[in-house]
J.: 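Sending over a structure as structure tokens; questions will come in a sec.
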Amino acid sequence: MLFVWFLLQLWFLQGCVCEFPFKSYYDSTLADLMSINETYSGPLLSPFNKTRVPGSKGSKEVQEFVLDEFKSMNQNWAVELQNFEENGYEFTNMIFSLGSNDSYLALAAHYDSKLEPDGFIGGIDSAAPCAMLLYLSHFIDDVITEDLSVIDPTLLGQFTGVKIIFFDGEEAFKEWTSTDSLYGSRHAAAKWEKDGTLDKMDLFVLLDLLGGKESITVPNYTKAARAFYKNLLQIERTYNKFYGASDKIFQSSVSNNIRISDDQEPFFTRGVKTLHLIPFPFPSSWHTLADDYAHLDEKHIHKWCIIMCEFIIKYWNPDKVPLHPFKPVIQEITS
Ligand SMILES: *[C@@H]1O[C@H](CO)[C@@H](O)[C@H](O)[C@H]1NC(C)=O
Ligand SMILES: *[C@@H]1O[C@H](CO)[C@@H](O)[C@H](O)[C@H]1NC(C)=O
Ligand SMILES: *[C@@H]1O[C@H](CO)[C@@H](O)[C@H](O)[C@H]1NC(C)=O
Ligand SMILES: *[C@@H]1O[C@H](CO)[C@@H](O)[C@H](O)[C@H]1NC(C)=O
Ligand SMILES: [Zn+2]
């Protein structure tokens, strides 16, 4: 009897190791929403394929697209627009909240593009990360809408709240200095420190320079993020096994004590736990005209989407993931 039980356990565990509970969700939605090749990009990616300098027409178009995207979701996401002026430029941070504001996970990327060189698109910096944020938002929205009744009421058992943040003005207009860079994140962190919003932020995750063709390593930059980094390591291992991939973005042997100046900095210096998902060294296309859509990579983009969806599920279920690997999953998503 004990032996049979043991065998069952083994079988169950094995099922867990090689299966993602939402695999068919990923397979059916990624192909549509996040596809990309040399000449075509899917509906969540293509709107960012333009210059997005703060205050410009391209920036406004992207804002409208992102706002419409959240309006189209099932849940009633709260919208916060932070408009401000600095250095003669107009900036707009876009923040979308779901659930509680008293304890929440923050997921962020910057949607502005660099003023120079002229025509700079910023495919990995950060068009693709912004599209990934939208994909994650749809995922959260669908899981909360459908999953609670369809799959398992405990799947998001510890879901409290989430804020999806699109920062403006990450890039410097001239030389990168402490006053010419990080306009949006400096503004948001200062405002939220004053009104108490920052105290309720449990973890700040920043996606940057992701989705390109070059293979990358993302080290763990902070002690406070160790446990979360470990989760990413494990999820990637499962992903690689299951999808037949071999590149290792996360590596426990790589320990990095450098700090890269980016949108996590105004939060990190105020004591927020930050998980900075940026490769080091930077991809060679960084801040050149080569950082365009022709140099984005579908496989990498899809991998990041899946890893981050699994990360989010695990974040809200630290003790019991993966859950019910063989249950049905949601087939549809509205967009
Ligand atoms: C990106 O935009 C450029 C310019 O409009 C276009 O030529 C190119 O096909 C687009 N690339 C993708 C992958 O969508
Ligand atoms: C790119 O994808 C589009 C849409 O799926 C397809 O019509 C087109 O043939 C593809 N182009 C290449 C070069 O693979
Ligand atoms: C959370 O904060 C946002 C932005 O300030 C606000 O619009 C929203 O109503 C708040 N949500 C709850 C549940 O209080
Ligand atoms: C980050 O986390 C990894 C694995 O959890 C650990 O090996 C590494 O030492 C950590 N890095 C820092 C800077 O704390
Ligand atoms: Zn940049």
Side-chain angles (χ1 to χ4, degrees), residues 33-54 58 61-62 70 75-82 93-106 109-117 119-131 144 159-165 167-176 180-185 188 191-192 194-201 206-213 260-265 276 278-279 282-298 301:
L33 298 174
M34 298 291 280
S35 58
I36 181 163
N37 62 25
E38 298 284 313
T39 54
Y40 169 88
S41 46
L44 293 188
L45 277 161
S46 62
F48 296 96
N49 182 15
K50 59 178 68 159
T51 59
R52 309 173 300 280
V53 173
E61 286 167 0
V62 164
F70 277 90
Q75 298 292 317
N76 193 14
W77 292 73
V79 182
E80 180 183 354
L81 297 179
Q82 298 178 344
N93 289 332
M94 298 180 282
I95 303 103
F96 303 89
S97 312
L98 195 59
S100 169
N101 288 328
D102 293 331
S103 164
Y104 62 91
L105 168 69
H110 75 86
Y111 73 93
D112 64 303
S113 65
K114 218 171 164 322
L115 180 62
E116 289 173 330
F120 177 80
I121 296 295
I124 58 172
D125 187 13
S126 273
C130 284
I144 287 174
F159 171 76
T160 48
V162 64
K163 279 192 200 301
I164 309 289
I165 307 170
F167 287 123
D168 201 357
E170 187 264 354
E171 303 286 9
F173 293 102
K174 294 183 182 137
E175 290 274 297
W176 185 283
D180 186 15
S181 70
L182 310 180
Y183 293 90
S185 50
K191 177 176 189 288
W192 287 344
K194 239 180 251 162
D195 70 14
T197 303
L198 213 57
D199 296 334
K200 313 292 170 56
M201 190 182 281
L206 180 66
L207 283 69
D208 202 358
L209 305 185
L210 306 176
K213 285 194 203 304
I260 294 169
S261 187
D262 202 350
D263 284 327
Q264 95 292 359
E265 197 172 74
H276 193 191
I278 191 170
F282 291 172
S284 66
S285 65
W286 176 67
H287 284 187
T288 73
L289 286 175
D291 182 12
D292 60 8
Y293 268 46
H295 292 82
L296 289 179
D297 184 78
E298 184 177 276
I301 290 172

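Numbering of ligands and ligand atoms starts at 1, following listing order.
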J.: Quick one: which ligand 1 atoms are inside 4.0 Å of a heavy atom on Y40?
T.: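 Selected atoms, number and element: 13 (C), 14 (O).
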J.: Parallel, tilted or perpendicular: which fits the ring planes of F70 and F96, with parallel below 30° and perpendicular above 60°?
T.: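 The rings of F70 and F96 lie parallel, inter-plane angle below 30°.
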J.: Ignoring hydrogens and geometry beyond distance, is a side-chain donor-acceptor pair present between S97 and K163 at under 3.5 Å?
T.: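 A pair is found: one side chain offers a donor N or O, the other an acceptor, under 3.5 Å apart.
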J.: Closer than 2.8 Å to the Zn ion (ligand 5): does that hold for any N, O or S atom in H110?
T.: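 Looking at H110, which is the residue asked about, there is no N, O or S atom under 2.8 Å from the Zn ion (ligand 5).
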J.: Can you tell me if E171 has an N, O or S atom under 2.8 Å away from the Zn ion (ligand 5)?
T.: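 Yes.
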J.: Between K191 and E80, is there a side-chain N and carboxylate O pair less than 4.0 Å apart?
T.: yes
J.: Please name all residues satisfying side-chain hydrogen bond (donor to acceptor under 3.5 Å, both in side chains) with K50, sequence neighbours left out, ordered by chain then number.
T.: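 K50 satisfies side-chain hydrogen bond (donor to acceptor under 3.5 Å, both in side chains) with E61 only.
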J.: Show the atoms of ligand 1 that are less than 4.0 angstrom away from any heavy atom in S41.
T.: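 What qualifies from ligand 1 is 12 (C), 14 (O).
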J.: Between R52 and E170, does at least one N-O distance fall below 4.0 Å, as a salt bridge requires?
T.: no
J.: Below 3.5 Å only, please: the N or O atoms of ligand 3 paired with protein N or O atoms, distance on each line.
T.:
{"unit_1": "ligand 3", "atom_1": "2 (O)", "unit_2": "N101", "atom_2": "OD1", "d": "3.4"}
{"unit_1": "ligand 3", "atom_1": "2 (O)", "unit_2": "N101", "atom_2": "ND2", "d": "2.5"}
{"unit_1": "ligand 3", "atom_1": "11 (N)", "unit_2": "N101", "atom_2": "ND2", "d": "2.9"}
{"unit_1": "ligand 3", "atom_1": "14 (O)", "unit_2": "N101", "atom_2": "ND2", "d": "3.3"}

J.: Which residues pass the side-chain hydrogen bond (donor to acceptor under 3.5 Å, both in side chains) test with E116, sequence neighbours left out?
T.: none
J.: Distance under 4.0 Å to a non-hydrogen atom of N49: what atoms of ligand 1 satisfy this?
T.: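 Those of ligand 1 that fall under 4.0 Å from N49 are 1 (C), 2 (O), 3 (C), 8 (C), 10 (C), 11 (N), 12 (C), 14 (O).
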J.: According to side-chain hydrogen bond (donor to acceptor under 3.5 Å, both in side chains), who are the partners of S185, at least two apart in sequence or on a separate chain?
T.: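 Once residues adjacent in sequence are excluded, the partners of S185 under the side-chain hydrogen bond (donor to acceptor under 3.5 Å, both in side chains) criterion are D263.
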J.: When you measure from the Zn ion (ligand 5) to the N, O or S atoms of D125, does any of those distances fall below 2.8 Å?
T.: yes
J.: Can you tell me if CG on D195 sees more than 12 non-hydrogen neighbours from other groups inside 6.0 Å?
T.: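 Buried by this count: over 12 neighbours within 6.0 Å.
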J.: Show which atoms of ligand 1 fall inside a sub-4.0 Å distance from at least one heavy-atom site of N37.
T.: 13 (C)
J.: Could you check D125 against H287 for side-chain hydrogen bond (donor to acceptor under 3.5 Å, both in side chains), going step by step and ending with a plain yes or no?
T.: CA-CA 8 Å; D125 187 13; H287 284 187; 3.1 Å; yes
